[in-house]
Amino acid sequence: MNTAHVVSSREVVKLDGITHSFKTRLGGPAVQALRGVDLTITAGRSLGLVGESGSGKSTLGRVVTGLLQPTGGTVEILGRPVSGKNAMKRTPGSVQMIFQNPRASIDPKLPIWRAIAEPLRVGGYSSRRRDIDVLLDQAGLGSAYGDMYAHQLSGGQCQRVAIARAVAAKPKLIVADEPVSALDVSVQAQILNLLKDIQEESDTSFLFISHDLGVVRFFCDDVAVLYLGQVQESGSTEAILTNPQHPYTRALASASPTLLSAATGERIILAGEPPKPDNPPSGCVFHERCHQYLGPICTQTPPPMYPTDSGSARCHIYAPNTSD
Ligand code: SF4
């Protein structure tokens with residue numbers, strides 16, 4: 001048996017060298033929102049995407065869903081290239097999205113059951129009321145909610161509707177962009193448990209975008225840390241968040257009360273603001289804020305990803321000692 005083929009057939013999403021840049025209306029240099037992102041998500045796994053605001057997390061999510069075309073690199077969904085000229089050849093319904101503000105994603109003029117049914121009908125899926133009632137039940141809402149309107153529901157109930165709509169087409173991948181950050185803490189746990197149940201029952205993969213490392217630790221098998229549109233560290237969530245190797249991940253983890261002691265033992269305050277994506281620093285893009293700065297190599301030479309004890313990190317600290 002060809003093992004390599006079996007492994008690759010489990011790949012739901014494969015990103016290879018994804019870049020995205022755009023010009024602003026004010027002119028000036030192009031903004032590089034993503035710079036050479038390589039990531040893979042296999043069937044049934046959840047990948048957390050973390051980083052400060054402006055790191056490119058949501059842009060990457062939109063590239064994966066096809067809402068945005070990358071300016072470079074390739075996106076493969078279920079083994080098929082779907083970026084560039086093949087952008088329209090996505091497997092219908094294979095990727096769905098859950099947004100941060102669910103109320104805004106539900107048509108306020110339609111009763112809930114029709115708001116769920118309409119995109120299903122357009123996509124060629126069953127949109128009968130009794131099928132929608134089953135989806136509402138699965139999402140922890142009774143069928144009576146189908147006759148209500150978005151303005152009559154709480155934020156958590158709206159997110160359950162959005163989840164029902166996302167799973168209706170039986171997607172292989174759900175991109176969830178900050179799906180609980182707008183909800184009360186008690187409701188967050190309910191929604192996360194619902195998503196976990198869905199994942200376990202259906203083998204759905206997730207790209208889970210969040211600034212909350214505690215939430216990512218609960219939900220995600222793997223994690224990738226973005227900074228200035230570039231992956232700085234990736235690997236299994238537990239390994240990375242309890243034993244972060246990249247200085248940026250260490251600083252992020254140290255700001256999380258639940259991870260502080262396991263990750264670093266002391267709070268690391270990040271100096272200054274992230275650099276502007278239209279004027280990135282030379283060398284390592286993190287060097288201006290790095291508390292472990294090594295010297296000229298950090299300002300002059302962009303580090304590649306190196307293997308570490310927790311996965312891999314883009315940092316010269318982990319360069320193999322070539323004198324050995
Ligand atoms: Fe810090 Fe240098 Fe590593 Fe960049 S390459 S994270 S500046 S030590």
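Order of appearance sets the numbers: ligands from 1, and atoms from 1 within every ligand. We use all heavy atoms of the structure for the numbers below, so side chains are in, but hydrogens, waters and symmetry mates are not.
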Donor-acceptor pair, side chain of Asp38 and main chain of Gly17, under 3.5 angstrom:
yes
Measure from the side-chain N and O atoms of Gln159 to the backbone N and O of Phe99, and report whether any donor-acceptor pair falls under 3.5 Å.
yes
For atom 2 (Fe) of ligand 1, check which protein N, O or S atoms are under 2.8 Å away and list them.
Cys298 SG
Residue portion contacting ligand 1 (non-hydrogen atoms closer than 4.0 Å) for His246:
side chain
If you take all heavy atoms of Ile18 and Gly73, which pair is closest and at what distance?
CD1-C, 3.9 Å
Would you say CZ of Arg114 has more than 12 non-hydrogen atoms from neighbouring residues, nucleotides or ligands within 6.0 angstrom?
no
When Ile, Leu, Val, Met, Phe, Trp and Tyr are grouped by side-chain heavy atoms lying under 4.5 Å apart, directly or through other members, which residues fall in the same group as Tyr318?
Leu294, Ile297, Tyr306, Ile317
Quick one: are Gln96 and Ile98 in side-chain contact, heavy atoms under 4.5 Å?
no
